[in-house]
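Letters A, B, ... mirror the listed sequences (proteins, then strands); counts begin at 1.
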Amino acid sequence: MSGAADASQTNLAELSFEAALDELENLVAKLESGQASLEESISLYERGALLKAHCEDRLKRAQMRVDQIVESPQGVGLEPARLG
Amino acid sequence: MSQEPSNAPEFSVSELSGAIKRRLEDDFGNVRVRGEMGRVTIARSGHVYVDLKDANAVLSAVMWKGVAAALRFRPEEGMEVIATGKISTFPGSSKYQLIIERLEPAGVGALLAQLEERRKRLAAEGLFDPARKQALPYLPEVIGVVSSPTGAVIKDILHRLSERFPVHVLLWPVLVQGDKAADQVARAIAGFNRLPADGAVPRPDVLIVARGGGSIEDLWAFNEEVVVRAAAASTIPLISAIGHETDTTLIDFASDRRAPTPTGAAEMAVPVRLELQERVNLTGARLSRAMVRGLERGRIELRAAAARLPRPDTLFNAARQRMDVLELRFGPSLRNLMSIKGHGLAAIGGRLRPQVLRQDITRKQALVGGLEQRLTAAFTRRTLSERDALTRAAQRLDVASQRLSAALSRHIDLKSRQLAGQASLLEALSYRSALARGFAVVRTEKGTVVRGKAEVRPDARLTLTFVDGEVKVRATDGPVQASLFD
């Protein structure tokens, strides 16, 4: 396997949104170029589907939450923000 | 003149002077005084003597050499300053004076001058180097905000964040104005940086230090060295958003990005979720289209490859034709052989019937159609193995055909030789050999062989055939008188 193929084995869970989207876009460009063999195309497609799901998942779980730091002798903790 | 003796204790001059000195130093041990500088005298010793004054009073002051050397500006007569230090007396001449420990310019112009001086000094240290700037994360999970919990700034930031891309915000509440502001801001920046990556309080991916607009004095905390150093030391990328766009504070030079407003900081910190969603959708659609096109191309290539496979009957037509010719020429004598070879051929040919191959190809095409969902990759290998099988069959057929051809040749030779044998036998049995032994053949005029005298009419014309030629004669007698010579 080539180096590129190794990079594409990167564990999805550790992949940032940006890296996943970049990889997806590169992979689609390769697929669109028609230079990949059919077998290669299929693994590209499978990887692409996973990357797309990974990106969508990240976008879906975006949620606003606001906490406030409280300092105590034990260190710093969190409490719900009290904005005046 | 009589004088009542007093009970008041008597002091020596030195005692009293010492007591006054102690009292003054206790009560005015740390004072801050604002005034205009009078004449400035720099003694040869390096100490600086100066009068501070306002409209009604004058205060003598001294800066020892060490303090004077640490000044970041040149004290000049008429300059408005704020001096910090302690009052002390000079018992030798019954005077008191301010011993200056710190001297700062006062007023906007002086502040700006001081700011510029500080900026140059910190820049010389490399705190503002472009090489130190860190890139902001593309999509932060947690954003730390150092700002006042009250007022519009934090609300503006939160509002814009939730509009663009909702995130987890940690607010470190600080004073953003006044004496304590700089220390609190610096502590907050350092505190965020001290958070471990996997602790109970999540470590922010990016920091925003923000304050609303105000006068240069209001924003002064963000010019303080402790804040600038904390921002420069932050390993978490930091966005500064202090005051309005036209306000510049020193933290802006040390931060990784300077935002014109707190709202602008929120825009720098996160991308727009809807835009990302759109990008993911578009890319996903391109992925599907490219795959479908790839499959279609594969299908076309398969059809083309199938079309290039040689038609199976062409592989054995020539051989079969040759066999047909031989069969016609040699007939039943070859039937046996033909039937044996024919069976072999039929077995091979049967496997090679176009219909069977076509069915196979149709099945393969159906399989490829299935790939659109399952995307399995087997057919390329399968096509190759079919082609191999066909090639092997063709090779077998070739061998069989060569063997058949050789066998037929041998038979033709044999039959030719047999035919030659029969011809010589026939020759041996011919009447001509009898002529050679002295016999003759008698024929009538019509060529009919005459077998006895009864067949000879009187006066008949006859032909005698000898071994070396013919003689025409006339019969002089009827059947009774069969004399040849008369």
Side-chain angles (χ1 to χ4, degrees), chain A residues 14-72 74-84, chain B residues 137-139 141-142 144-146 148-151 154-155 158 161-162 165-173 187-188 191-192 194-195 199-202 270-271 273-274 276-277 279-281 283-284 286-291 293-295 297-298 301-302 368 371 374-381:
Chain A
E14 295 166 7
L15 207 56
S16 73
F17 176 88
E18 184 189 12
L21 187 53
D22 278 354
E23 191 187 330
L24 177 60
E25 287 180 332
N26 289 337
L27 173 158
V28 166
K30 187 172 182 190
L31 209 51
E32 285 175 335
S33 76
Q35 283 164 2
S37 72
L38 188 59
E39 285 189 50
E40 204 181 345
S41 294
I42 288 164
S43 36
L44 283 174
Y45 178 86
E46 284 171 343
R47 174 76 176 168
L50 290 175
L51 288 167
K52 177 171 178 264
H54 181 67
C55 290
E56 280 175 335
D57 179 58
R58 176 65 186 90
L59 294 178
K60 214 177 293 172
R61 69 188 159 82
Q63 204 181 353
M64 197 71 186
R65 181 177 156 198
V66 183
D67 289 316
Q68 186 167 320
I69 298 279
V70 278
E71 289 183 90
S72 71
Q74 286 77 42
V76 296
L78 286 184
E79 61 178 21
R82 300 181 314 268
L83 305 179
Chain B
Y138 186 75
L139 184 50
E141 301 263 352
V142 180
V145 178
V146 178
S148 165
T150 61
I154 183 66
K155 292 199 180 84
L158 294 178
L161 285 177
S162 61
F165 203 110
V167 286
H168 188 187
V169 174
L170 300 184
L171 171 65
W172 196 305
R187 269 175 53 81
F192 271 136
R194 267 198 304 275
L195 288 175
V201 178
V270 294
R273 180 165 66 150
L274 283 179
L276 290 182
Q277 184 70 61
R279 213 172 126 195
V280 170
N281 290 347
T283 313
R286 278 172 59 200
L287 176 70
S288 301
R289 273 200 309 274
M291 191 62 225
R293 268 202 303 273
L295 280 177
R297 212 167 36 240
E301 279 168 16
L302 178 64
V368 172
L371 287 182
R374 290 273 340 277
L375 308 176
T376 65
F379 78 83
T380 302
R381 272 197 308 274

Legend entry - Contact origin within B:E301 toward chain A - heavy atom pairs under 4.5 Å: neither
Legend entry - Atom group of B:L158 that falls short of 4.5 Å from chain A, counting heavy atoms: both
State the [atom1]-[atom2] distance between [X] and [Y], to the nearest 0.5 angstrom.
X      : Y      : atom1 : atom2 : result
B:R289 : A:L31  : CZ    : CG    : 11.5 Å
B:L195 : A:I69  : CG    : CD1   : 6.0 Å
A:R58  : B:R273 : CZ    : CZ    : 9.5 Å
A:R82  : B:L171 : CZ    : CG    : 10.0 Å

Pick from [options]: which one has the most heavy-atom pairs with chain A under 4.5 Å?
options                : result
B:W172, B:F165, B:F192 : B:W172
B:V201, B:V167, B:V142 : B:V167
B:V169, B:N281, B:T150 : B:V169

Inset, instruction - Check A:V76, A:D67, A:V66 against B:L170 for a side chain to side chain contact (heavy atoms under 4.5 Å, CB included) and give me the one that passes. - result: A:D67
Legend entry - 4.5 Å side-chain heavy-atom contact, B:M291 and A:L44: no
Inset, instruction - Answer whether the closest heavy-atom distance between the side chains of A:Q63 and B:H168 falls below 4.5 Å. - result: no
Looking only at heavy atoms, which two atoms of [X] and [Y] are closest? And how far apart?
X      : Y      : value
A:C55  : B:V280 : CB-CG2, 3.7 Å
A:E25  : B:R286 : O-NH2, 4.4 Å
B:P166 : A:A62  : O-CB, 3.7 Å
A:G34  : B:R297 : CA-NH2, 3.3 Å
A:G48  : B:L287 : C-CD2, 3.5 Å

Inset, instruction - Tell me, please, which residues at least two apart from B:R293 pass salt bridge (Lys or Arg N to Asp or Glu O under 4.0 Å). - result: none
Inset, instruction - Return the set of residues passing salt bridge (Lys or Arg N to Asp or Glu O under 4.0 Å) with A:E71 (not counting sequence neighbours), or none when no residue passes. - result: B:R187
Inset, instruction - Against chain B, label A:E18 side chain, backbone, both or neither, depending on which of its atoms sit under 4.5 Å from a heavy atom there. - result: both
Legend entry - Region of A:L51 in contact with chain B, defined by heavy-atom distances below 4.5 Å: neither
